[in-house]
There are 2 protein chains.
Amino acid sequence: MGDDIREKHDGALAGRLDVRVLLRLLSCSMTIEKRLRRRFADQFGTTLPRFDVLAALDRHRDGLTLGDLSRALLVSNGNVTMMIRQLEADGFIATRSTPEDRRRTVAVLTDAGQAHFAELAAAHHAWIGKMFSNMSERDLTALYDLLAALKLSIGADEEEQK
Amino acid sequence: MGDDIREKHDGALAGRLDVRVLLRLLSCSMTIEKRLRRRFADQFGTTLPRFDVLAALDRHRDGLTLGDLSRALLVSNGNVTMMIRQLEADGFIATRSTPEDRRRTVAVLTDAGQAHFAELAAAHHAWIGKMFSNMSERDLTALYDLLAALKLSIGADEEEQK
DNA sequence: TACATATGCTTTAAGCTTAAAGCAATTGGA
DNA sequence: TCCAATTGCTTTAAGCTTAAAGCATATGTA
């Protein structure tokens with residue numbers, strides 16, 4: 001049981017604490033991501049990245065440029081181009097180029113896109129609620145704060161490399 | 001600055017705590033994973049999954065079957081087959097089929113593979129040390145424990161789905 | 001033994017993602 | 001004005017990953 005949430009290297013006698021934390025972190029997020037991906041595919045015929053695009057646009061009703069999306073979602077420009085094209089073909093988003101800079105393309109949700117996203121988001125929230133259901137609110141808050149600290153630490157490392 | 005460690009949906013006004021925790025979790029692990037992947041490619045001409053295979057074999061000197069590797073690393077069987085073939089061609093691992101079950105293939109590190117892994121692991125540890133350097137040991141321990149709880153919670157969700 | 005089922009691995013086809021090169025539009029000096 | 005550098009997006013080529021089908025071997029049962 002639970003074969004696929006075992007940690008890489010089995011997680012046990014690994015040496016350093018930071019490495020053990022990392023392995024556990026990657027294991028958790030990979031498991032969650034795979035599960036979400038599978039459920040989106042099975043139940044809605046869509047993908048997690050497409051959902052991410054819709055979610056970003058849902059939170060920015062005035063639209064986002066493709067570059068904004070690429071940076072926000074941590075995916076490459078080319079990938080955004082492809083997803084936007086598909087989502088537009090499906091009628092979920094509309095695009096226009098800005099008058100002040102005609103290189104830019106702004107994407108916005110259509111009404112159909114908003115409705116579609118609402119449906120996906122409801123399922124997404126339910127899934128996540130289940131996955132986190134054994135965690136107390138106190139645990140969640142603590143985890144949230146620690147991840148903020150980790151994010152800062154990672155960011156500091158990146159700055160240093162430049 | 002820090003553009004690529006921004007959270008999906010910008011992380012701010014998102015509603016539910018569990019969703020915010022998830023977004024932050026995915027953001028952290030994706031950023032770390034990408035950075036490791038890039039450094040392995042740039043500095044050693046290898047990939048993170050290949051490193052994961054070597055690490056697993058380094059921790060199991062008596063060898064692992066391909067199925068064991070697939071489950072431990074959370075990658076598909078076909079993927080393991082490909083990586084093993086490459087690593088064997090590079091001389092880093094050797095394979096044999098077991099006498100008791102000739103369907104099984106066991107992979108073990110060669111001496112060259114051990115040396116190669118040692119080099120990669122040293123860099124890997126240094127990178128992780130830097131990325132986590134702003135986290136206190138206390139923080140790391142707390143994070144480690146919370147991730148264990150999360151993992152349990154995720155596992156419980158999986159069981160339920162069957 | 002015979003046969004159905006299960007297991008371990010491999011192949012195949014398809015999709016996803018990226019880096020790098022390329023194109024179009026803009027900006028900022030000479 | 002002109003032109004180089006920059007910026008935003010698109011295309012291309014390559015690699016990675018997976019699910020599903022396929023093959024070989026093993027197991028259990030009659």
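Side chains included, hydrogens not; waters and symmetry mates left out as well; all remaining heavy atoms used. Protein chains get the first letters and strands the later ones, always in sequence-line order, with residue 1 at the start of each.
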Distance check: side-chain N/O of B/K34 vs OP1/OP2 of C/dT18, anything under 4.0 Å? yes
Can you measure B/F40 atom CZ to D/dG15 atom P for me and round it to whole angstrom units? 20 Å
Salt bridge check, B/D101 against B/R104: does any charged N sit closer than 4.0 Å to a carboxylate O? yes
Would you say B/D18 and B/L22 make side-chain contact, with heavy atoms under 4.5 Å? no
In whole angstroms, the gap separating P of D/dT7 from CZ of A/R104 amounts to 11 Å
Which part of the nucleic acid does A/T47 contact within heavy-atom distance under 4.0 Å: base, sugar-phosphate only, or nothing? sugar-phosphate
In whole angstroms, the gap separating P of D/dT11 from CE of A/M82 amounts to 10 Å
Could you check how far CZ of B/R37 sits from C1' of C/dT18, rounded to whole Å? 10 Å
Starting at CZ of A/R103 and ending at P of D/dT6, how long is that distance when rounded to a whole Å? 13 Å
Has A/R61 got a side-chain atom pairing as donor or acceptor with A/D58's backbone, closer than 3.5 angstrom? yes
Quick one: on DNA chain C, does B/T81 or A/P99 contact a more 5' nucleotide (nearest heavy atom)? B/T81
Of the listed nucleotides (C/dC9, D/dC16, C/dT18), which one gets closest to any side-chain atom of A/V75? C/dT18
Spacing of B/L66 atom CG relative to C/dC9 atom P, expressed in whole Å: 5 Å
What's the closest nucleotide to the side chain of A/T105 if the choices are D/dC9, D/dT25, C/dT18? D/dC9
Whole angstrom value for the distance that separates P of D/dG8 from CG of A/N79: 19 Å
OP1 or OP2 of C/dC9 under 4.0 Å from side-chain N/O of B/N77: no
Using a 4.5 Å cut-off on heavy atoms from C-beta on, say whether the side chain of A/L147 contacts that of B/L25. yes
Which part of the nucleic acid does A/G78 contact within heavy-atom distance under 4.0 Å: base, sugar-phosphate only, or nothing? base
Parallel, tilted or perpendicular: rings of B/F40 and B/W127 (30°, 60°): perpendicular
Do the side-chain N or O atoms of B/R102 get closer than 4.0 angstrom to the phosphate oxygens (OP1, OP2) of D/dA24? no
Could you tell me the separation between the CZ atom of B/R85 and the C1' atom of C/dT12, rounded to a whole number of Å? 12 Å
Look at the side chain of A/S76 and decide which nucleotide, out of C/dA25, C/dT11, C/dT18, has an atom nearest to it. C/dT18
